[in-house]
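Sequence positions, counted from 1, serve as the residue numbers for this chain.
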Amino acid sequence: RGPLPHGRAAAMTNRDTVDYLLGKFSAAIGIEPLALNAAGACSFSYRENALITLEVPDSSSEVYLVGTVMTLPVIDPPSLNAFYARVLRINAFDPVARGASLALDPERDQLLLCHQHPIAALDEVSFQNLLTNFVQAVAAISALLTEGASDTSPGSRDYALRAHLFSQRA
């Protein structure tokens, strides 16, 4: 599992591990200490971006990340259809999602970015990278959907931004 507290790694549950990593992450970036609640969840806003929620269900070996990309727009049906088509294109073809999936929360009228990651593969550095990259993906998708939303041509800013983000990941 990488560098976890000396002598405790074998006795730690998956929730303990994520709780420990959350504490290290929050200290490293200089925010209030983060910790999972009794239900195994923690929500926070990072760099004044969207709300990020982590969940570790009782018997899970995965940490689940959910980021609020945006509130769904209240627009006329043809524009809404175009919006959903754009969301589906980003979800299927755009590397900006970084392996995460877009989902709708109809109860809150929100577009979410969702990702899961095996806890056993995490250490302090990879956890910080996971959260930082996830927050960047949420922000980038929000920007794609709110800036130049009507321009989907190959020469548009949407395509240029995708190429830029993809080259940064390589």
Side-chain angles (χ1 to χ4, degrees), residues 1-72 87-88 90-146 161-162 164-170:
R1 276 196 185 172
L4 295 175
H6 182 68
R8 290 192 54 213
M12 293 177 76
T13 66
N14 284 327
R15 279 190 179 176
D16 292 337
T17 299
V18 172
D19 217 28
Y20 170 78
L21 294 170
L22 274 169
K24 290 294 188 176
F25 171 75
S26 55
I29 63 169
I31 62 173
E32 292 292 318
L34 297 173
L36 296 173
N37 63 20
C42 174
S43 294
F44 64 96
S45 188
Y46 181 59
R47 293 184 182 167
E48 299 181 25
N49 283 316
L51 179 68
I52 305 297
T53 301
L54 287 86
E55 296 179 22
V56 182
D58 271 334
S59 61
S60 180
S61 62
E62 307 270 330
V63 59
Y64 297 90
L65 305 172
V66 178
T68 304
V69 174
M70 66 190 318
T71 299
L72 295 174
V87 167
L88 289 172
I90 291 170
N91 201 45
F93 303 115
D94 203 315
V96 72
R98 301 180 183 190
S101 298
L102 289 165
L104 297 175
D105 180 347
E107 292 177 13
R108 294 184 182 90
D109 288 329
Q110 293 179 333
L111 181 66
L112 307 173
L113 187 65
C114 305
H115 183 68
Q116 66 188 56
H117 195 85
I119 296 168
L122 294 172
D123 60 23
E124 291 174 30
V125 172
S126 63
F127 187 73
Q128 185 166 346
N129 289 340
L130 175 70
L131 289 181
T132 301
N133 288 334
F134 186 75
V135 169
Q136 289 172 349
V138 170
I141 292 168
S142 178
L144 281 173
L145 291 169
T146 57
L161 181 58
R162 276 194 287 182
H164 173 70
L165 289 170
F166 186 75
S167 68
Q168 285 184 329
R169 289 185 14 187

Any side-chain heavy-atom pair from [X] and [Y] closer than 4.5 angstrom?
X: V135; Y: T132; result: no
X: R98; Y: F134; result: no
X: V69; Y: L112; result: no
X: C42; Y: L36; result: yes
X: L65; Y: Q116; result: no

Using the side-chain contact (heavy atoms from CB on, under 4.5 Å) rule, pick out the option among I29, L131, D19, L22 that qualifies with L34. L22

Heavy-atom closest contact ([X] atom, [Y] atom, distance):
X: R15; Y: V56; answer: NE-O, 2.8 Å
X: L54; Y: V18; answer: CD2-CG1, 4.4 Å
X: A100; Y: H115; answer: CB-CB, 3.9 Å
X: L21; Y: D123; answer: CD2-C, 3.6 Å
X: L122; Y: H117; answer: CD2-CD2, 3.4 Å
X: L111; Y: L145; answer: CD2-CD1, 3.3 Å

What's the verdict on side-chain contact (heavy atoms from CB on, under 4.5 Å) for I52 and S45, showing C-alpha distance, side-chain angles and the deciding distance? CA-CA 6 Å; I52 305 297; S45 188; over 6 Å; no

Distance (rounded to the nearest 0.5 Å) between [X] [atom1] and [Y] [atom2]:
X: L88; Y: L102; atom1: CG; atom2: CG; result: 8.5 Å
X: L51; Y: S43; atom1: CG; atom2: OG; result: 5.0 Å
X: N133; Y: Q128; atom1: CG; atom2: CD; result: 10.5 Å
X: R108; Y: T68; atom1: CZ; atom2: OG1; result: 8.5 Å
X: L144; Y: M70; atom1: CG; atom2: CE; result: 10.5 Å

For D105 and Q110, indicate whether the former's side chain and the latter's backbone hold a donor-acceptor pair under 3.5 Å. no

N14 side-chain N/O to S60 backbone N/O, donor-acceptor pair under 3.5 Å: yes

Quick one about S126 and N129 (side-chain donor to acceptor, distance below 3.5 Å, no hydrogens or angles considered), yes or no? no

Parallel under 30°, tilted from 30 to 60°, perpendicular over 60°: which one fits the rings of F25 and F44? tilted

